[in-house]
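Nothing here was measured: the structure is a model prediction, and the numbers come from that model. Note on naming: letters A, B, ... go to the chains in the order of the sequence lines (proteins, then strands), and numbering restarts at 1 for each one.
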2 protein chains.
Amino acid sequence: MSQTSRSTPATLHDVAREAGVSLATASRSLNGSTRKVNEAYRQKVLEAAARLGYTPNLSAQAVARGTTTTVALLVADIADPYFSSIAAGVVGQADSERLIVTMAETDRDSARELELVRAMRGQRPRVMILASSRRADDPAADALQAELTAYEQTGGRVVFISSTDQAFRTVELENRAGARALATEMVGLGYRRFGALMGPEGLRTGEDRIAGFTEGLVAAGFDLPADRTARTRFTRDGGYEGMRELIARGIGDTQLVFALNDVMAMGAMSALRDAGLEPGLDVAVAGFDDIPTVRDVTPTLTTVRLPLEEVGVRALRLALAESDADSGSPVPTEVVVRESTPRLADAV
Amino acid sequence: MSQTSRSTPATLHDVAREAGVSLATASRSLNGSTRKVNEAYRQKVLEAAARLGYTPNLSAQAVARGTTTTVALLVADIADPYFSSIAAGVVGQADSERLIVTMAETDRDSARELELVRAMRGQRPRVMILASSRRADDPAADALQAELTAYEQTGGRVVFISSTDQAFRTVELENRAGARALATEMVGLGYRRFGALMGPEGLRTGEDRIAGFTEGLVAAGFDLPADRTARTRFTRDGGYEGMRELIARGIGDTQLVFALNDVMAMGAMSALRDAGLEPGLDVAVAGFDDIPTVRDVTPTLTTVRLPLEEVGVRALRLALAESDADSGSPVPTEVVVRESTPRLADAV
DNA sequence: CTGTTAGCGCCTTCAG
DNA sequence: CTGAAGGCGCTAACAG
């Protein structure tokens, strides 16, 4: 608003002049790592800098040093609690490592993701974290792989979240094992006839979870009939529509519907209710992720807990770690049984 | 993972050599705005760049051009749907303006916010968007103001979200008017005895909403008695605890509790339920923001709708606009009545 | 310990 | 239209 005349930010040069020392001394006092500078000079420089409101130009530092302090984060959908929680973890950890994070959104479009990776490469980030969705049949996969390999060869570090079988460091999420455990637990509660809300074909995370869930059922002697499943988007509305579809097709005697993530499960519960069915009572519902809000819906949602923020923290740590092997223990996963899947004697 | 020898990213110099042209020509072909370069040369350069996997070094460009393509975004809490929705808007808009966004989290701590602003200044961002919380009695306010003014004087543009009375561009949210309208509407539904979950003392957004709500009640001849209110944090758990406190103090014949945001309202509803009370039936609840999940809780939550993503979009647009006056129309706000506040005859 | 001097990678006048 | 050269803000040898 203020219409004061516009100037340029103070440069190190200005500070040096103001303090009556050389550029080098100013640089050393302000940003030099091993301080070997007369305390008196140092003070003068610090004061001059304060007086001038000097802030080192990070771009210039990056050019001169040949290295940045940036971490690039790619997510599918920022507003989705799954990704925003991971992002919170990354940003928090970055902060304590004095790193800056830049963020972009892929919308689960792998062509777009590839573009973004290329673009972000321009920032010469120290680290690139890909929390976007992997897919099995990705046509852009090779190009992405090439791009990322080139990036790593120039000193960058890439970390994937959730996906496997990539030639890069990965924070593995136990999508499959978690879903299998969930299935086992549900069978234990007395459920026998299952349905599921699946994601778009080929999207890894979703396929893994469904596969794990199926595995668990099969191990117990049950199955997941195709006519009790529906494919939709990964979103709340996807879940809503998917459930509507199941209902429209005749949900029949399905006892429990597994939605491959909590947001979908929540949409699904609303769809049930809107159709006059009581989630948990008429049809049980289970999700995956354990996002914060699932404790506040009615009935509270049974799900598989994933420590999302910690996943973000780990991703950055893993990226910064010296050795590849340092993936550490797998991210702990835990089935959390809540009201949406009562013991079968109680309901359903 | 790959143990290939590590090299450096291709530079413009490399591209020029590979293409057999001068640095200048390469620069002009690749990034020059007004392209006045022989098409044949241009092709050669483009090919060379592709062959080398060249990506312009943004830091170097920034230093040379004296301007970046960065927008810095400060939020209080990334994982909170309110902020993540705004962030999604900012990131989306930034993307279509070919800008990069860097993000940091203040935790609603104004000292921290000041630090972050200083730090972000080092990036020389074109724009700085502050969606963090303002407070009335902020001891760091002057310092922040000074820092931001200095930033604007060196060509930066700052935009606040939600707060007023700042000497900077602002995307005004009608916190007060929205809450007032909500109060009026609630009175219209037959409610007479109100309580509220307030935020930490001094936090602008919260105070404005409570003030507006009170205003609306008073205008209708009612009030918000202090003993029916509790102060807590802005979070879901804050809402839960606040409601617990109200209940512990004896919620008495309170008919409706206004929580100053949806996350708190959702926590509050859970607290009611955990205490054996039925939200909407025993005690009505209303929130503010209209975050996505409020449609999926039971009862669905009455609230004041704020187009959060659009707020983010507007913030960036406003920052980029030539003229100050271009704040455009105020962000539309709208009371959305849902099941958590049934017409009084129906319940309560 | 301090100052001088090359760069870092890129852009942009300025002559040709 | 092209190339040579200087400069952006900063760092990092290198001498002193």
Exercise. Over how many whole Å does the gap from H13(A) atom NE2 to dT11(D) atom P extend?
Worked result: 14 Å

Problem set entry | Phosphate OP1/OP2 of dC11(C): any N31(B) side-chain N/O under 4.0 Å | yes

Exercise. Between the axis at one end of the helix from dC1(C)-dG16(D) to dG16(C)-dC1(D) and the axis at the other (five pairs apiece), what's the angle to 10 degrees?
Worked result: 40°

Exercise. Can you tell which of dC8(C), dT2(D), dC11(C) lies closest to the side chain of Y41(B)?
Worked result: dT2(D)

For this session: Before accepting this row, confirm whether a basic side-chain N of the pair E113(B)/R134(B) lies closer than 4.0 Å to the acidic partner's carboxylate O.
Result: yes

Exercise. With respect to the side chain of A64(B), which nucleotide from dT2(D), dG9(C), dC10(D) is positioned closest?
Worked result: dG9(C)

Exercise. Out of dG3(D), dG3(C), dC1(D), which nucleotide sits closest to the side chain of N38(B)?
Worked result: dC1(D)

Exercise. Are E115(B) and R112(B) close enough for a salt bridge, meaning some N to O gap below 4.0 Å?
Worked result: yes

Exercise. Are D138(B) and R135(B) close enough for a salt bridge, meaning some N to O gap below 4.0 Å?
Worked result: no

Problem set entry | Pairwise distance CE(M128(B)) to CE(M120(B)) - rounded to 0.5 angstrom | 7.0 Å

Exercise. Between the side chains of T67(B) and R126(B), does any donor sit under 3.5 Å from an acceptor?
Worked result: yes

Seminar exercise, completed: Per atom distances to the Q61(A) side chain, the nearest of dC10(D), dG9(D), dC11(C) is dC10(D)

Problem set entry | Flag, side chain of R169(B) to backbone of A321(B), donor-acceptor distance under 3.5 Å | yes

For this session: To the nearest Å, give me how far apart CZ (R124(A)) and P (dC10(D)) are.
Result: 20 Å

Exercise. Rounded to whole angstroms, how far apart are CG on L58(A) and C1' on dG9(D)?
Worked result: 11 Å

Exercise. Think T25(A) has a side-chain N or O under 4.0 angstrom from the OP1 or OP2 of dG3(C)?
Worked result: yes

Exercise. Within this structure, what is the OH-to-P distance between Y54(A) and dG9(D), rounded to whole angstrom?
Worked result: 10 Å

Problem set entry | Contacting residues from residues 15-23 of chain A, given that a heavy atom lies under 4.0 angstrom of DNA chain C | V21(A), S22(A)

Show each protein N/O and nucleotides 14-16 of chain D N/O combination with a separation under 3.5 Å, one pair to a line.
none

For this session: Provide, to the nearest angstrom, the distance between the CG atom belonging to N57(A) and the P atom belonging to dG7(D).
Result: 18 Å

For this session: Indicate yes or no for a side-chain donor-acceptor contact from S29(A) to the backbone of T25(A) under 3.5 Å, with no hydrogens or angles considered.
Result: yes

Exercise. Rounded to whole angstroms, how far apart are CD on Q123(B) and P on dC10(D)?
Worked result: 15 Å

Exercise. Any ion pair linking K44(B) and E47(B) (charged N to carboxylate O, less than 4.0 Å)?
Worked result: no

Exercise. Do T205(A) and S162(A) get their side chains close enough for a donor-acceptor pair, meaning under 3.5 Å?
Worked result: yes

Exercise. Once you round it to whole Å, what is the distance between C1' of dA12(D) and CG of L12(A)?
Worked result: 13 Å

Exercise. With distance as the sole criterion, is a donor-acceptor pair present between the side chains of T102(A) and Q123(A) under 3.5 Å?
Worked result: yes

For this session: Answer yes or no: is there a donor N or O on one side and an acceptor on the other, between the side chain of Y151(B) and the main chain of R124(B), under 3.5 Å?
Result: no

Problem set entry | Distance below 4.0 Å between T11(B) side-chain N/O and dG9(C) OP1 or OP2 | no

Problem set entry | Nearest-neighbour nucleotide for the R65(B) side chain, dG9(D), dT2(C), dC11(C) considered | dC11(C)

Problem set entry | Gap between atoms CG and C1', on L30(A) and dT11(D) respectively (whole Å) | 13 Å

Problem set entry | I129(B) vs L74(B) side-chain heavy atoms within contact, under 4.5 Å | no

